[in-house]
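Below is one structure, written out as structure tokens, with a few remarks after it.
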Amino acid sequence: MSDAYSENVVAEVRFGSSGPVTTIGDKTGLFEWTGAGNAAQVVDGGSLTGSYLSLDGTGDYISTPGRPSFRLGTGPFVIDFGIKTTSAGDVILDYTGSTTGYRVGMAFPAGTVMFLRGRSTLVGDGTIAITDGVRHHVAIVRSADKTLRIFVDGVLGGSG
């Protein structure tokens with residue numbers, strides 16, 4: 001069965017063999033992602049994707065040049081990713097100018113997911129910490145009625 005919405009996927013990072021991230025491709029074929037610090041790919045047969053990105057919280061990240069397709073617009077959207085961390089207070093995804101755009105981050109010291117527009121928090125998940133060193137699935141969903149929701153491992157953690 002195919003996904004009826006797969007044509008709307010903007011970026012899907014392709015992690016593969018274990019080792020440091022230098023440059024990796026994107027499943028859409030539109031992006032190349034560059035690693036910084038000691039960002040690494042880890043093969044994990046038990047995860048949904050078969051592998052994941054490992055960041056130790058000290059100058060590690062992956063980046064790609066910003067593109068208009070990363071703008072969220074006014075309609076529904078989903079930002080979906082897996083994360084495994086023990087550090088709180090880090091930026092997870094950043095598509096901001098100085099005070100515009102959006103950012104997904106973790107509240108410090110709680111280690112819960114938050115969604116910001118510019119520098120203002122729109123929705124925070126005040127209940128489910130993701131800093132326990134266990135892999136978590138995070139989905140940030142804005143529906144047609146403009147309600148923004150944060151799900152961690154399928155559990156609603158915040159909405160607004």
Side-chain angles (χ1 to χ4, degrees), residues 1-16 18 21 24 26-28 31 33 35 37 39-58 60-64 69-96 100-160:
M1 179 175 166
S2 69
D3 183 346
Y5 300 101
S6 63
E7 68 186 38
N8 299 318
V9 171
V10 174
E12 186 175 351
V13 182
R14 180 181 58 228
F15 299 111
S18 290
V21 174
I24 54 178
D26 186 276
K27 289 184 179 180
T28 65
F31 301 99
W33 297 81
Q41 300 174 82
V42 177
V43 174
D44 178 1
S47 73
L48 181 63
T49 59
S51 56
Y52 61 89
L53 177 66
S54 175
L55 309 172
D56 68 10
T58 308
D60 304 340
Y61 59 90
I62 60 171
S63 64
T64 192
S69 59
F70 282 156
R71 294 184 187 131
L72 296 176
T74 59
F77 66 81
V78 174
I79 299 172
D80 181 76
F81 58 92
I83 187 167
K84 178 179 177 181
T85 185
T86 57
S87 301
D90 292 330
V91 172
I92 299 169
L93 172 67
D94 187 355
Y95 184 76
T96 59
T100 60
Y102 63 92
R103 179 179 290 170
V104 176
M106 285 185 287
F108 184 80
T112 56
V113 179
M114 59 185 176
F115 183 89
L116 301 94
R117 180 175 52 212
R119 299 183 192 275
S120 302
T121 300
L122 291 181
V123 173
D125 168 4
T127 60
I128 306 169
I130 61 170
T131 54
D132 56 5
V134 175
R135 184 175 164 86
H136 294 281
H137 175 244
V138 177
I140 299 169
V141 180
R142 183 171 70 189
S143 58
D145 70 359
K146 307 288 190 243
T147 301
L148 188 65
R149 295 175 179 87
I150 298 174
F151 294 90
V152 177
D153 298 327
V155 177
L156 179 63
S159 67

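Counting from 1, the numbers follow the sequence of the chain as shown.
- Side-chain contact of His136 with Asp153: a donor-acceptor pair under 3.5 Å is present, judged by distance alone.
- Taking each heavy atom of Phe151 and Gly154 in turn, the nearest pair found is CD2-O, 4.0 Å.
- Scored by the side chain to side chain donor-acceptor pair (under 3.5 Å) test, Arg142 finds no partners at all (sequence neighbours excluded).
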If you apply the rule side chain to side chain contact (heavy atoms under 4.5 Å, CB included), what do you find for Asp80 with Val138, and how did you get there? CA-CA 6 Å; Asp80 181 76; Val138 177; over 6 Å; no
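- The shortest side-chain heavy-atom distance between Phe77 and Leu148 falls under the 4.5 Å cut-off.
- Side-chain contact check for Arg149 versus Leu156: some heavy-atom pair is nearer than 4.5 Å.
- In plain terms, the two heavy atoms of Ala129 and Ala110 that are nearest each other are CB-O, 3.5 Å.
- For the side-chain contact (heavy atoms from CB on, under 4.5 Å) test with Ile83, the passing option among Val152, Ile130, Val134 is Ile130; the others fail.
- With a 4.5 Å cut-off on side-chain heavy atoms, Ile140 and Val78 do not count as touching.
- With sequence neighbours left out, Thr147 forms a side chain to side chain donor-acceptor pair (under 3.5 Å) with Asp145.
- The CZ atom of Phe115 sits 11.5 Å away from the CZ atom of Arg103 when rounded to the nearest 0.5 Å.
- Within the structure, side chain to side chain donor-acceptor pair (under 3.5 Å) pairs that include any residue of residues 106-115 do not occur (at least two apart or interchain).
- Counting non-hydrogen atoms of other residues, nucleotides and ligands closer than 6.0 Å to CZ of Phe81 gives a total above 12.
- Looking at Thr131 and Met106, their side chains come closer than 4.5 Å, going by heavy atoms from C-beta outward.
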Would you please test Val113 and Val104 for side chain to side chain contact (heavy atoms under 4.5 Å, CB included) and show each step? CA-CA 7 Å; Val113 179; Val104 176; 4.1 Å; yes
